[in-house]
Every structure is written in C-alpha cells, then in structure tokens.
Amino acid sequence: MAETGFLPKDKINGFLEALGKDSLVYMPVLEGDTIIFRPFSPEKNLCLDRPANSPPKSVIFPQSDVLFSYRYEKETDDPKKVSVKIESHTDYPKAVIFGCRPCDVMGFTVYDRVYIEANGPDTYYKERRDKTAIITLSCPVPSAGCFCTALGGGPANREGSDVLMTGLEKGFFFEPVSEKGKAMLSAPGMEDGARYMQEAQNKQQDAYNAVKKPFPSVSHTELSRKRFDLNEFWQQAVSKCVSCGACTFLCPTCYCFNFTDEQTLESGERIRSWDACMFYHFTLETSGHNPRPTRFERYRNRVGHKFLFYPEKYNGVIACSGCGRCIRYCPVSVDISEIVSQLRSPE
Amino acid sequence: MPEIATQELRVVGFLCNWCSYGGADTAGVSRFKQPTDLRIIRVPCSGRVDPLFVVKALLNGADGVLVSGCHPRDCHYSDGNFYARRRLEMLKRLLPFLGIDERRFYYTWVSASEGARWQQTVTEFTNRIHELGPLHIKKEATP
Amino acid sequence: MRVGVFICHCGNNIAGTIDVARVAEETRKIPGVAYATTYMYTCSEPGQNEIKEAITREGLDRVVVAACSPRMHELTFRRTVEKAGLNRYFFEMANIREHISWIGENKDLNTLKATEAVRMAVAKVMQDKPLYSTSFKVNKRVLVIGGGVAGMQAALDCADGGLEVLLVEKSPSVGGMMARLDKTFPTIDCSICILGPKMVDVAQHDKITLHAYSEIEEIKGYVGNYQIKIRKKATYVDWSKCTGCGACMEKCPSKNSYDAFNFGVAPTRAINIPFPQAIPKKAKIDPNYCRQFVKGKCGVCAKICPTNAIDYEMKDEIITEDIGAIIVATGYSLIDMDKLPEYGGGRYPDVISGAQYERLLNASGPTSGHIVRPSDHMEPKTIAFISCAGSRDKSIGIPYCSNFCCMYIAKQAILTKDHIPDSQSYVFYMDIRSPGKGYDEFTRRAQEEYGAKYIRGRVSRIYPKGNKMVVRGSDTLLGAQVEVEADLVVLGTAVVSTPDAAHMAEKLHISYDTFGFYVESHPKLRPVETNTSGVFLAGACQGPKDIPASVGQGSAAASKVQALFSKDMLESDPAVARVNMNTCVGCLKCLKTCPFGAIKEKELRDGRVVADVIETVCAGCGVCTSTCPCGAIQLQHFTDNQLLAEVNAICRK
Amino acid sequence: MYKVKADKLKEVVTNVLNDVDLVIGYKQGFDAVHATPHFITSADQIDGLVWNPLCVHNLTTYLPALKMKKIGVIVKGCDSRTIVQFIQEGLVTRENLVIIGIPCTGVISVNKVLKETSRELLEEIVFDDSGNVTAVTGKGRKTLPLAELSPDKCRTCQYPTPLVYDHLVGDPVKSDKVPEGVYADIKEFEGKTLEERMKYWEQEFDRCIRCYACRNACPMCICQDNCIAESRDPHWMTQKMTLTEKFMFHMIHALHLAGRCVECGECERVCPMGIPVNKLKKKINQEMKELFDYEPGVSLDDKPPMFMFNVDELKIKEHKI
C-alpha cells in the first residue's frame, strides 16, 4: 500500500464523482470573478487557481442553521391545552471539502477547541465535523495579503486536513494526513505518488519562501497590552473602518454566532446564525446600553480575540491563520497584519 | 388550517380604510359577486403602504398584490395617496427588472362609493393573476 | 396569549354562504386561540354580553370578532371589550360579510377565505399593544368662517349657547348671497327684511366678535387648540370713526367702480357702503378705482368726512387668535357667464344672470326695483329664463344639479309679472326640480296663475336680431324647434365652489371633491362633520343648498360644536405615530413628508437630534412610517410588525 | 501629472487643516494596487497623502456620522454628488465642511487590474501622463490605457469635475462621455426575458453572505446600525440564509435608495462576493429621471422625489390591469 498518491489532472472529475457516491462533495467553483464553494457537479466550473473568496467554513459551521423546529399542537377536546412537539435536525450527510487551503482548514482546528474540546462538544458542530473529510490543496503561490507563515502556518500546512494535495504539472500529489485520507489513496484513478514526492516538496518550499512576512512570528505575550488598551491607538489605526462584517464572515477562524427564534402562528424554529463582533448589535444590550458603541472598540475586540484572548485560553494558539481575506476584501483595506506588527513593536 | 384550494392563487390586497376598504364594503352590500382569491389587509391610508410590503408578499408566496387608495385629491389625509402614487409607480417599474411580471402588482384608486368599480378591479386582477399562473421564486439556498 | 374568537352568523347573511362552525373549528387549532365560538347576532346586546362573559369565564386577553365590516361595528366591539376590562385596542375584526359571504358564490372557498381572514385577524391581534389616550384642555372659542346666512346662524346658535364666537367675513358686510336676493321662495318674503334682524343680532351679540372684510391667513394646531391668523384687509377708512353717514359716497368723483354687491349690474363709487342694510355699515375705498390711489391726487372723501375717518396710508393688519373649533361656511359662487358661449353670456348685454336679475328686481338695487334691460334701459316685455345654464352639463365639467335654480326662476317669473303686468315670461327647463314644502305648488303657480310659459328643452343658441335676442331651442315635448324673440334673457347659472375653496381646504386640512365642494365625514350619517376633528361644515360650501337647508346645517354645526365643548378635556386618539428614540437616526424624512406638520425636531441630552410626534396633531395616516428607513417611527395599531403579521399569516413558503 | 496634483493637494490640505478637526484623504494601502482612506488630524500625516487612480473610495461616506465636527474631505467628481445629495436631504451641515475637489481623469478597478495581470502578486503600478498604466509583477510588466482598467462608472462618467467644492485642485475636466451611455448596461440587461432576469438575480444574490459591506460602505445608507435588515422591531427579515431573505435584503437596500443613489458604485466595489449590487439602484435612477426628471446629487436645490409629490403627475398614468 502506497504512502502517497498521484491523481492525473484528467481523473479529477471521476475522483470527485466517486467521492460523491456516499457524500456531499463541496468544491471551489468559479462564478463570474468569484470563487465560492458549491456542491460538486461536473457542469460547474471547478477552480483551484486561487483561494476561494469565502472559505468553506459554512460546510461544517453553516451561516444559518436550524437547530430544531417546534410545533404547537392543540388538544381538540380542550382548546386551552397546548402541547409542543420539538424536532431536531442533526442527521447530517457525509461531506467532503475538496480544494480548500491550509489556512481555511486551520479555521476548523480553531473551532474544534471551542466547540469540541473545551467545554463539552457542541453536537451540531461535532456531528458535521466528524462526517466531513477535508482534501486540502497546498498553495502554489501566495495571494495579496497572505501572511500565514508569520503565524506558524504555511502554504503546505497539514494541520486539520485529511489529505494534502499539491498541484504538479501533470496532476495532484496526495499526502494523507488522517485515516480518512489514507483511504482515499485507493480511490479510482489514483496512482502511487512516490516518484512525485520530490517535485511536490520543491513546490511547497518555493511557495513557503514566497509568502511575505509582516513580522517574523508572534505570540500573545509579545503584544503591547498598554498600546492595546490605548483608545488613541485604535482611533488612529481603524478610524476608517466602516464596521461591516466582511472580515468576520470571510474569516476562516471567526466562529461567533447569534440565536434567533422565528415563529409563525403554529410553529417555529431556533436558528443559529453567524454574528460579527464588528456589528453594533453584537454587544447591544436590551437596556439600550452598548459596551462597544464605537467602531474602533469593535475592531479592537476582533484583534484582541484572535491574538490575546483566544491564545490566553488555549495555550498560546493564535486564532488567525493569516489567510489575508480580511485584508484583501476589506472595503477600506484595513490591514490586520500591519496593526499586529504595530502592537508587537516595543513601546 | 386548510390548504389553499388548488384552483385558488394567492392574491393580497392592501386597502385604505376610508375609500377602497369602504368601496369593497359597498360592493359587498350591493352583493357584487367577486372571485375569492383576494385576501384584504386594511391600512389607514395608501400612503402607509411601504413598497417593501408588496415585495415581502411577492417573495413570500403571493402570486399577485393589489394596492388601492382614495382617488388623487380625495385622500382622507389630503396627501397620503400622492406619496403612495410615486412610490408604488417606482416599484411597478422595478419589478420586471427583477424578473417579476409587473402585471402581478397593480395599484389603483377606488372610492367608498365605487362598489362596481371595486368588483371590476378584483375580478379583472384575479383573472389576470390566473392567466399569469403561480409566481415561482427559488426558495432554497446553498450553505 | 389567550385569544377569543367570535364568529357571527349575522342571521343568514354570513352563515348562509360560509360554514361558520367549520371556521370556528379551524380557528380553534391555532395555538394562541383559547376560545372560538359562533353566535347568531354578535352585535346584539346578548351577543355583546356573551363576549364580556367569555372574557372573564375563559380568561381571554385578546378578542377577534369575525362579522361585518369594522367600518360598521369596530367601535361597538371596542367598547364591549373595554367594558370587560381589556384595552380597547386588544381587539380586531375580520370582515367576513361584506368582503366574503356577500360576494363569494362558492361556500367552500368562502369558508376557506373566512378561515384565513380570521387567521389574519388573530395574527394581528397577537401583535396588538395596549394604547391609552391622553386628554388635553379645550379652548372653548369658535371660529366661523363666512358671514352668509349659514355662518350667521351657526354663530348666533353658538353665541346663544354661551360660546365665544369669532365671525370672519371676507366682504365688507355680512349677509352673503341671501342679502342680495330680492324675495325668497316659496313665500315671496322680502329677503333682506327677514335677514336684516339676524345681521343686526350678529353685530350686537356680546359673544360674537365680527371681523368683516377679513380673511383667514393661517390655521395651526388641532381640535381644541387652534392658533389662527386673520388678515384684516385695509379699508382706508378708520371704522372706529366711520359713522356710515355716506357723505363720502355721495361726493366721491370716481363713479365707475365695479359694484361686486350688485354683481356689476351698475357701477358704484370708489368709496362706498355696499348696501343700505350693510353690517357693519361702514365705508371702504376700492384702491383700484379711487383717484387718490390711481392718479395720486383727489382726497375729496378725506375733506368731507365729518369724523376724519379716511386714512389713505392704512395697511392690512394681521391679528392672532386662539380657538377650539371651526365652522366653515364659505358659501358658493356662480359660474362665470363667459363659460357659456352658446348663451352669449358676457357678450350680449341683455343676457344676464339670475343673480343680476335679483338686483334689478330689488327696490334697493341700482334700478330701485325697475326692471330695465342693460343695453338701452327699456322695460323688457318678453323675458326668457334658461335653467341649467351650466348645471348638469358634463361638457363643462358640472354634472351636478345646482339645487335651487328651478325655484328662483319660478320666483323671478312670478315677480316679473308683478312688476310688468303685460310681460310674458318663457322658461326653458330640462325638468323641474321642486322637492320641498310648498315648492311644487309654487312652480305650478308660476305657470298657472302667472302665465309663465314653460318649455321643456335645451337652448342651443342665443343671438341678437335687431334689438331682440333670439332664443333658439327645442321643445322636447312637442318635438319641435322653438324660437323666442326676447327683450331680456336670464340665465339660471350653475352654482360652483368659491374660487379659493381648495386653498382654504388645504389650510384646514379637510378634503374637497373634484368640484371644490368640501367633503363631509359621511354623506348620510355625518353630514356636517369633516374628517378633521374640530372642523364642521355649514351651507353651500359643502354643495348647492337653498336657504332653509343652509340655516339648518348652520344650526347643526353649532350643536356639534356645543357637544364638542360640553367637555373641558378632550381625549386624543392614541393610534398615532410614535418614535423610538434609540433607533431614530434623525434624518427627519418623516418631518418632510408628514401632511399635518405633526412631527418636530427634538434634541436629546447627548446632542442627537431625533423626530418627535405631536400626538394631538398626528392624524394617523402612517406616511411617516412608510417613509422612515429604519422603522423608528411606527404608526400605533398599524405598525410594520402588525401588518407583517398579517402578510405572514397568508403568505407562507 | 498625478505627482504635481498630489503636491498641490498637500499644500491645500496643509492650509485647510488649520481650521478643521480632520481632513479625510487617501494614502497607499497594503499592496501596490490599493489605496486606503487617510484620516489626517496633524500636519505630520500630510506627507502620507497620495493622489492617483488608486483613490477609488468615496470618502464622503464618513461625513454624516461626523456631522457635528468640522471636516475637510477630498472628493472626485462622482463623490461630490454624494455631498450634493447630503445637502438636499439635510444630512450634513455645509458650514462644517471644507470640500477639496479634484477634477478626475478616471480611477482603476482593482479587479480589472488583477484580471489583466492574471492575479500575479503586483510589485508596482505606475501611472504616466499619457494615461497609461503599467503593472509590474514577478512575471514581468504590462502596460494598458487607464480607460481599459477603469470601473464601469468611469466609462460613462458625466461629472468628472466636482459639482460642489471650496478648493479645486487642478483645472476642471469636461466629460467626453455621452449621457445616453449611462444606462446602456441597464438597457442591455433588459434584453433578457423575465425568466432569465429572475434566474440571474437568484444566482447573484445566492452568493450574498449578508456581511453588509455594501450597506456600510454606502454613503446614503444612513440607518447603518439601525438597519431593518437586523432589527426585530420592525421584524422585516429573519437571520436565515435563504435566497428569499438575501433577496429581501437587497430589495430593502435598493428601495431605501430610490431617488437617492448617486451611483458612486461603492456597494458593488466592496462586495466580497462580486454581486452587481448597484444595478438595481441604477435601474431605479433611470426611472426617476424618466418620471420626475430627477438625477440624484447633481443640483443643490433639487428635492428627492420620494419625499415630495405633485398633485398632477405628468408622467404617471393610470394603469390598466
């Protein structure tokens, strides 16, 4: 049994179709100029040229998720008696994420600590996570704003993936990371990867070197608390922020959510939907008071959560994978890497 | 809750209390027979009808929406229907751009005394919606 | 929530074409509904008692009645639930009669529709919030606009009831149209003789303040608390000094001023007292004709005035008053004869209007009651009267009947015979409209006793021939063409609204119809109220009316005001717009669009500016709510959520 | 040319800064092809100011929130329309504004540049006076006329020179674009059948992630934190990610901008999912012009048509069923 695999370019569709037999396969699809993860179908325009605009986090952590629905039922004899029937929806299908990037997967490892390890598993998350296999593509070249290497990751980081693919001239080199991954080596069209190992490693090394490093490395202990607490610093840094949710909703490591109940006359649903600390409502209290009324306070929280609070709670792990999306897609180009390096530089 | 009878389509009407709702009453008092698809929502004035109500209805299952107020100059609140006229006209012209047949939305003026005009409006509009058939807007979204 | 639903049979009116039991059964399945039943006549007293009992027995906190139109019984049932201790706004009506049982033929579909109508009402009532009206003080002064017979009657009745009255008349004297009539039908009373005393009462009543030759400049506020501005137009005569001796009028050298009071039958002086019985009997200068104004020199009146009342420098004066209610009695006008070219009105001097003829008949008129024709001052022997001159004529946009022309033409025919025994009157009519006590007998007398020849048919053309006017028309009874060679033609010109009717309506925030007549709240049941509380209608400003009708409506309006003022405090309607100051972004688009100026800016402690509703001014149209982008201003009882609840109840994906 | 203007601009800003709390301009962004808003409160920041076709942002979007402060702001022709609209709606205090206008010869569309350079990492981008743009990547250099790289709004721009300003940096520029061109894209889209249009919007809106970038970047979206897309009272929308809800949100956005959208295109530029958000508003604007001869943000004494009326509407005819 081979250690690694190789999948010729022309075998991809067959490979995905095979996967599709027992699971829902999501792949990056090009729509106009936008790349977005969509369920596999041969007609769709698979695109691996660059990271998708939005990470595949919604596959495991849907943007809006009906946790359960409920129905009121009347007892016909006595219209005053009402009973409630609750129905939960956790029978998720097996899923495969194909062609996401190491920085995307790292997001799931960030969630795992919170939703599985820390305080008892969140069934909705865990169920999907367990049933999902992740086939990651190592990045051939960095995109504008990428800084994964500065955060200990890299274009070929294996953490969290089941398989790491590396795009080569004639096809894709497969390195299994988990048992799920190993199983894929026996997929139809898969060849032994041994003779492609070297080419792949060179590719991965070149990519690693190409990624820009705004700072050599970062740990939450190095950041200046003093500057972090200084309002003027943030006003200066992010007064231009328009306080939209693009950064958080595109972020592979952001995992905040909100609950809402939606009710009709007879029935209702409890919905868990993404929330963003950049939104005014995120901290708005019923009284009307808002502890984070201004935009810079909200942005400070975002940086704080990723580079201070999370690491403090989860032995030093930074909750940012350096995918650069928040920089690339920010309406006003707020650059988190620049802000972090400013927090890093000595007082 | 009985399901919508198969031959019926969903037609929603926003009627101002003073003229058109009264006109519908008059039609009733005069026993002017009408199709039964229409469901009437009473508002104080056509000026109260935010075009978004029409959109909301159409996106959420209505096959046709009808808004009716006092004739221009006869508004109970003197100006309400003048605002309505501009805003609803704007919406009517936008709908086809979205791919929704503008004939699914109709706004008009019926006074409290115009029972016959009301009967004619409801009948013709309902028939029109039946010609156009149900409005299909895709409902599911990919995660 | 525990909603109670009461479905009315309305005898067979509803139960005949809707399976009400089925509706109740389906409604019972809705979780929020604790009780649903049917009742034969829910609006009957036992029906209402059933609701009250159910509220206590079943512990209901919201009520829906599915029956007739809320326009019929909403108030009734609101009181019912209130009596049972619920807030009156925890109530909704589903209109399953006018909108369903009476118009739908298929019983199953009707039943389905009714079920959904109830469902919508339940959804709405569950979103309803309790509303409480606030009370405010009433200023018990009345403004009466217009000093015609209707306005004077209203003013006198209010004043006699002890209310303080401001009477504003735009011409120099009260009296209006009636003061210009010669006699009144059907009694042939002298018009001014019976009106004069009323005019004097108005002048002398210590509760009435008369502002003649004045106009309403501005009206602000709301029922119980209006602030008004009155423009007292410059008369160039100090009325506090003027004794009405008339010396100025005799000596005034500019003798060709237009005489509005006499409908321009003959000229008058630039300084004049409109008529002998004028109230107030004061002189005023018409600067369009007065030499002092036109040529810049004259000053005769100033010289001869025994009390030095003349003041050429006088300016309009604006006075402000606070009042609590308004009676509008602005009267009517007559259509301009130029608009009737086929009759040659305006073109031929001997074609005149009925109003002008009144002045010719009148003893104190310009001809001292001698009927002479304008062209050559000869006494006419053949007089043709033409009714419906403009009235009931769609082609010039007057489809309605002017109400009293038939009667006054009959009267004028009779008076003509009295004045000129050897005269012959012809009356062209479409059909004779003479309802009312003694009216029909009167028109018959004109024909039978006074020999007026009535010809049924429209006049097609009038043209001069020698010194006669040829009136050509068709006699539809004989089915023949007729031609009458008349010395004088009198047109029963159509009654139209006053030129500034629309303008006044906008000041008052009341609606007016396409003809400019003011619209009453209900054509049958609220004939003197308008849709703006505190504003009432009297007389022909609401539509053509004869004298008794106008007087009656004047009294009716007065009694409405008396009733309104019988309380010291009024309750405001709580179903008005309300602003959520936390979410209002202060764009003030609501302020720009509010038809009533009911929204003002308000600065909060933190300097934020938000919108603020003046509850008593807000009429509850909801334009602001559909204008506000962030839903911060919500019309109570018709909030977005309440309407959305109804939409969601019927539009489900 | 740009260099010269930039220097002139710095002079003006230096003076303006004396009597305002803040001047909003542009500085270089995180990479070669991005500029970013520059909030200048002290003289030492002026040096960072840049002026070139990378200055795409509509900086006026910050103004309503700063209504109480005295602000200097740098505007292109298109941006200036926003201020005109603000004034029409009373959303800013003119006295508190110092408007520094720059006659504009067009900006770039980052997306178009990236496409032309097959999304290689850009090392440098050069704008020369002949109106050419040279993009330098690891793979080499590519030179194209600015016109080919500019966003669609520039290609039909009618107002290159600011319509309202206190200082004008550089000489006024006349538009060489035909007015008819402005709504060409709308007319073209209307060539589609109803079904095609519906399908189009369903596909586009389906990508929406409701991040509200379009809303927050929109200068005319004055509700911002109080948008009804997120509120429960009124409760127009749920937080579900169904197509219906996404559709509804974009309708709210479009209808609330009816007769107000100045077509700065920010909503579309900032959309991370490449949704043509501006199209609906352009369509409405086309109708506003047709119905009320009204064009948002071009004349200080116009009134927005949705907040007024004529008793007799010349262009609105009674409809047949």
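Fair warning: this is a prediction, and the values are worked out from it, not measured in the lab. Residue numbers start from 1 in every chain, and the chains themselves are labelled A, B, ... in the order their sequence lines are given, proteins ahead of strands.
A distance of 6.5 Å separates OG1 of T264(A) from CZ of R119(C), quoted to the nearest 0.5 Å. With values rounded to the nearest 0.5 angstrom, N648(C) atom CG is found 9.0 Å from E262(A) atom CD. Distance check, rounded to the nearest 0.5 Å: NZ of K29(C) to CD of E73(A) gives 11.5 Å.
Heavy atoms of other residues, nucleotides or ligands lying less than 6.0 angstrom from NZ of K602(C) number 12 at most. Atom CZ of R270(A) is surrounded by 12 or fewer heavy atoms from other residues, nucleotides or ligands within 6.0 Å. With a 6.0 Å radius and a threshold of 12 heavy atoms from other residues, nucleotides or ligands, K131(A) has its NZ atom above the threshold. Within a 6.0 Å sphere centred on CD of E232(A), heavy atoms belonging to other residues, nucleotides or ligands number more than 12. Counting heavy-atom neighbours within 6.0 Å of K107(C) NZ, excluding the residue itself, gives a total above 12.
Between K74(A) and I30(C), every side-chain heavy-atom pair lies at or beyond the 4.5 Å cut-off.
P31(C) approaches V82(A) most closely through the heavy-atom pair O-CG2, 3.9 Å.
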